[in-house]
Protein chains: 2
Amino acid sequence: MRDDRGDAFDPECPTRVVLDRIGDKWTVLVIGALRDGPLRFTELRARIGGVAAKVLTQTLRAMERDGLLTRTVHAQVPPRVDYELTDLGASLGGPIQTLTDWAETHLTQILGARAAYDDSADAR
Amino acid sequence: MRDDRGDAFDPECPTRVVLDRIGDKWTVLVIGALRDGPLRFTELRARIGGVAAKVLTQTLRAMERDGLLTRTVHAQVPPRVDYELTDLGASLGGPIQTLTDWAETHLTQILGARAAYDDSADAR
DNA sequence: CAGAATCCGATCTGATACTG
DNA sequence: CAGTATCAGATCGGATTCTG
């Protein structure tokens with residue numbers, strides 16, 4: 001149970017390391033959700049929506065391992081665990097925002113190209 | 001045979017659309033390889049290295065569908081197909097570069113965090 | 001040359017049920 | 001509350017083989 005560290009095959013490519021992290025389905029949403037301050041597990045899960053507990057846990061563990069966030073367990077009953085972005089994690093927000101901006105400005109083009117491509121394929 | 005368009009479940013989130021594309025293993029490398037001008041299939045494949053023909057084809061088709069590149073078939077024998085970035089595809093280079101820069105400056109931190117995390121886990 | 005077809009194992013994601 | 005365990009389904013990436 002200690003063998004799924006999810007490394008890419010090429011540790012010497014920085015871009016791949018980062019893309020392997022933010023390329024997954026949830027990491028970017030986690031960063032967005034934690035942008036305004038720490039949240040506990042259930043809050044985080046509710047704010048993101050549609051994510052299974054197991055999958056969120058995996059995402060958070062991977063992010064913790066990469067130093068993007070901290071996981072703080074409060075010794076109390078019922079248990080309380082806070083997740084908070086590190087400076088490193090927060091700094092990733094910049095590049096992501098750049099990407100998001102690009103995505104928003106060009107989404108129409110992409111969707112248009114997609115529709116055109118699919119149409120010409122369906123015509124045959 | 002006409003059903004694997006690889007859409008995400010949420011077409012209204014621009015960021016996901018883009019991340020689904022560049023998050024895969026090869027798209028970013030294709031953009032990098034085509035940055036200096038068009039290439040044909042085999043050149044492209046050689047320049048990237050380590051990619052199976054099928055997978056490269058899939059990647060190129062998806063990028064073509066999203067309007068990131070054009071595929072030009074020259075009617076000649078032996079066949080010749082050129083792939084070239086569109087303006088849209090080339091413009092994606094900017095955000096990717098931002099991400100790459102971030103990755104390069106912070107890789108050491110990430111790898112360090114990773115090593116520390118793994119050490120403390122192994123200690124147990 | 002530029003792929004398409006086929007097959008395969010590995011990985012991802014999620015639903016469900018259970019627990020300290 | 002904050003997970004873990006387990007299982008199933010889907011998708012992915014890749015090797016191999018074949019073709020216009």
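Letters A, B, ... are given to chains in the order of the sequence lines, protein chains preceding strands, and every chain is numbered from 1.
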[atom1] of [X] versus [atom2] of [N]: gap in Å, rounded?
X     : N      : atom1 : atom2 : answer
B:Q58 : D:dT11 : CD    : P     : 13 Å
A:R21 : C:dT11 : CZ    : C1'   : 14 Å
A:D24 : D:dT11 : CG    : C1'   : 15 Å
A:K25 : D:dA10 : NZ    : C1'   : 11 Å
A:D20 : D:dG13 : CG    : P     : 11 Å
A:L39 : D:dC1  : CG    : P     : 15 Å
A:E64 : D:dA2  : CD    : P     : 15 Å
A:L44 : D:dC1  : CG    : P     : 14 Å

4.5 Å side-chain heavy-atom contact, B:V30 and B:L56: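 B:V30 vs B:L56: side chains touch.
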B:R71 and B:E84, any side-chain heavy atoms less than 4.5 Å apart: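 Result no, sub-4.5 Å side-chain heavy-atom pair not found.
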Distance test, side-chain N/O of [X] to OP1/OP2 of [N], below 4.0 Å:
X     : N     : answer
B:R61 : C:dA4 : yes
B:R71 : C:dG3 : yes
A:T57 : D:dG3 : no
B:Y83 : C:dG3 : yes
B:R40 : C:dC1 : no

Side chain A:T86, main chain A:L68, donor-acceptor under 3.5 Å: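 Yes.
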Main-chain N/O of A:M63 paired with A:R21 side-chain donor or acceptor, under 3.5 Å: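 Judged by distance alone, no pair lies under 3.5 Å.
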Which nucleotide in the set [options] lies at the smallest distance from any side-chain heavy atom of [X]?
X     : options              : result
A:P78 : D:dG3, C:dG3, D:dC1  : D:dC1
B:A52 : C:dC1, D:dA2, D:dA15 : D:dA15
B:V81 : D:dC1, C:dG3, C:dT13 : C:dG3

Closest-nucleotide ordering on DNA chain C, the 5'-leading residue of A:P79 and A:V55: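 On the 5' side of the pair lies A:V55.
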Side chain A:K54 and base C:dG14 donor-acceptor under 3.5 Å: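 Side chain to base: pair found, below 3.5 Å.
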Residue of the set B:T27, B:V28, B:I22 for which side-chain contact (heavy atoms from CB on, under 4.5 Å) holds with B:D24: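 Testing B:D24 for a side-chain contact (heavy atoms from CB on, under 4.5 Å) against B:T27, B:V28, B:I22 leaves exactly one candidate, B:T27.
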